[in-house]
Every structure is written in C-alpha cells, then in structure tokens.
Amino acid sequence: MNYEEAIKELEEIIKKLENEQLPLKTAQELFERANILAKFSQEELSKTTGKLYQIKKDLDSITEEEL
C-alpha cells in the first residue's frame with residue numbers, strides 16, 4: 001500500500017461513517033481501520049518530509065560551494 005491508496009481508502013471509510021447507518025460492530029471496525037490508515041499516512045508524510053529537507057539541505061550546500 002502506498003500513501004495515495006491509504007488516503008483513498010481513508011476517505012471512503014469516512015464517507016461510510018458519516019453517511020450510513022452502520023451496526024456498532026461495523027462502525028468500530030471501520031474506525032479501527034481508519035486509525036491504522038491515518039497512522040500509516042502520517043508516517044509516510046513524515047518520511048517524505050525528512051527526505052525533502054535532506055535534499056534541500058544538500059542543494060543549499062552545493063549552491064553555497066559554488067558561490
């Protein structure tokens with residue numbers, strides 16, 4: 001699973017929870033799945049942000065060396 005797939009599934013779960021009359025057990029299971037997807041998505045965003053900061057740092061140091 002990648003970030004985009006997780007977000008898509010999370011959006012679908014949210015729509016179900018908001019728009020449908022679900023049995024309590026089903027709602028609980030969907031909520032638990034949404035929690036897992038949200039944590040996964042946050043971790044993926046954090047990893048990507050860290051990589052982007054590192055790339056920017058590397059580019060900044062290259063630019064400074066050229067000056």
Side-chain angles (χ1 to χ4, degrees):
M1 173 176 295
N2 63 37
Y3 175 80
E4 290 79 10
E5 293 168 339
I7 292 298
K8 183 178 178 182
E9 185 178 346
L10 185 56
E11 289 172 347
E12 291 170 2
I13 290 172
I14 290 169
K15 285 179 188 175
K16 284 182 183 180
L17 289 171
E18 289 178 340
N19 299 325
E20 296 180 23
Q21 292 285 4
L22 301 169
L24 183 59
K25 178 88 171 141
T26 303
Q28 178 186 353
E29 290 168 354
L30 287 172
F31 188 79
E32 289 171 353
R33 177 68 179 158
N35 189 40
I36 291 167
L37 292 167
K39 287 180 181 179
F40 171 81
S41 298
Q42 183 60 46
E43 289 170 4
E44 290 298 303
L45 281 175
S46 293
K47 288 179 199 175
T48 301
T49 300
K51 289 177 184 177
L52 291 173
Y53 280 127
Q54 185 60 49
I55 291 169
K56 184 181 181 320
K57 183 179 173 184
D58 293 345
L59 288 172
D60 288 346
S61 69
I62 291 170
T63 304
E64 289 175 8
E65 290 173 5
E66 290 177 354
L67 298 175

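Heads up: numbering here begins at 1 and tracks the sequence.
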For Ile14 and Glu11, run side-chain contact (heavy atoms from CB on, under 4.5 Å): C-alpha distance rounded to whole Å, both residues' side-chain angles, the deciding distance at 0.1 Å, then the answer.
CA-CA 5 Å; Ile14 290 169; Glu11 289 172 347; 5.6 Å; no

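- To the nearest 0.5 Å, atom CZ of residue Phe40 and atom CG of residue Asn35 are 14.0 Å apart.
- Here the closest heavy-atom approach between residue Ala34 and residue Ile13 is recorded as CB-CG2, 3.9 Å.
- Contacts of Asn19 classified as side chain to side chain contact (heavy atoms under 4.5 Å, CB included), with partners at least two apart in sequence or in another chain: Lys15.
- Cluster annotation: Phe31 is not connected to Leu22 through the hydrophobic network of ILVMFWY side chains, with a link wherever side-chain heavy atoms come within less than 4.5 Å.
- Salt-bridge annotation for Glu29 and Lys25: present, with a side-chain N of the basic residue lying under 4.0 Å from a carboxylate O of the acidic one.
- To the nearest 0.5 angstrom, Thr26 atom OG1 is 10.0 Å from Leu17 atom CG.
- Leu37 pairs in a side-chain contact (heavy atoms from CB on, under 4.5 Å) with only one of the listed residues (Glu9, Glu32, Gln42, Lys8), which is Glu9.
- Rounded to the nearest 0.5 Å, atoms CG (Leu10) and OH (Tyr3) are 9.0 Å apart.
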Should Asp58 and Gln54 be marked as a side-chain contact (heavy atoms from CB on, under 4.5 Å) after you check the CA-CA gap, both sets of side-chain angles, and the distance that decides it?
CA-CA 6 Å; Asp58 293 345; Gln54 185 60 49; 2.9 Å; yes

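- When all heavy atoms are compared, the tightest approach of Ser41 to Ile7 is OG-CD1, 3.6 Å.
- Counting heavy atoms from C-beta outward, Thr48 and Lys51 have side chains that stay 4.5 Å or more apart.
- The distance from the OG1 atom of Thr49 to the CD atom of Glu44 is 11.0 Å, given to the nearest 0.5 Å.
- Under a hydrophobic-cluster definition in which Ile, Leu, Val, Met, Phe, Trp and Tyr are linked whenever side-chain heavy atoms come within less than 4.5 Å, directly or via other members, Met1 and Leu30 are assigned to the same cluster.
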